[in-house]
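Here the structure comes first, spelled out in structure tokens, and everything after it is commentary.
Computed over heavy atoms, backbone and side chain alike; hydrogens, waters and symmetry mates excluded.
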Amino acid sequence: MAHFAEIVNGIVARVVVVSDANTSSNGIEDGVIGAAFCANLLSGEWVQTSYNTSGGVHKNGGTPLRFNYAGIGDTYDAVRNAFIAPKPYPSWVLDEATCLWGAPVPYPATGRWRWDEATVSWVAL
């Protein structure tokens, strides 16, 4: 099974699961075939995404795909070829190596914390 994200104006509108029979050629998965299948069946622009990819790492040791699994409302950045979640806070910055958002101040090594945007700092829970 493979996952494909519908892209509307650069934003993920929905994610669907497609069977291997509709994404493969000679038993080899091909994202172009799967995207074409989705476009023919559902219309629109489709891009393959990997349920097992986060921060540019495939959790099962496979090849990571587009940095992160696509979620509804995420941006598809065609230049980076990456899915990027909405920015959680105005002060947070995008890590170019992972395409994940991070606080401008490192998370404390111990304890439980929550982000406080008003003070741009971590506050103990």
Between [X] (side chain only) and [Y] (backbone N and O only), is there a donor and an acceptor less than 3.5 Å apart?
X: D95; Y: A97; value: yes
X: S43; Y: A39; value: no
X: N40; Y: A36; value: yes
X: T98; Y: L100; value: yes
X: W113; Y: Y107; value: no
X: S24; Y: A21; value: no
X: T23; Y: A2; value: no

| Remaining members of V12's ILVMFWY cluster at a side-chain heavy-atom cut-off under 4.5 Å? | I7, V15, V47, Y51, Y69, Y76, F83
Any side-chain heavy atom of [X] sitting closer than 4.5 Å to one from [Y]?
X: R66; Y: S50; value: no
X: S19; Y: M1; value: yes
X: E29; Y: Q48; value: yes
X: S54; Y: N68; value: yes
X: V123; Y: W115; value: no
X: W101; Y: I84; value: yes

Specify the closest pair of heavy atoms between [X] and [Y], including all atoms of both residues, with the distance to one decimal.
X: P86; Y: G73; answer: CG-O, 3.7 Å
X: F67; Y: E96; answer: CE2-O, 4.2 Å
X: A103; Y: W122; answer: CB-CZ2, 3.6 Å
X: A35; Y: F4; answer: N-CE2, 3.3 Å
X: W46; Y: L42; answer: CZ2-CD1, 3.6 Å
X: C99; Y: L94; answer: C-CD1, 3.6 Å

| task | Is it possible for you to say whether W92 and V120 belong to one hydrophobic cluster, with membership spreading through side-chain heavy-atom contacts below 4.5 Å? | result | yes
| said: Could you walk me through whether D74 and I11 satisfy the side-chain contact (heavy atoms from CB on, under 4.5 Å) test, starting with their C-alpha distance in whole Å, then the side-chain angles of each, then the deciding distance to 0.1 Å, before giving a yes or no? | reply: CA-CA 6 Å; D74 288 359; I11 304 297; over 6 Å; no
| Counting only heavy atoms not in N60, do more than 12 sit closer than 6.0 Å to its CG atom? | yes
| query | What is the distance from atom CD1 of I28 to atom CG of D20, rounded to the nearest 0.5 Å? | reply |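 Taking CD1 in I28 and CG in D20, the distance rounds to 12.5 Å.
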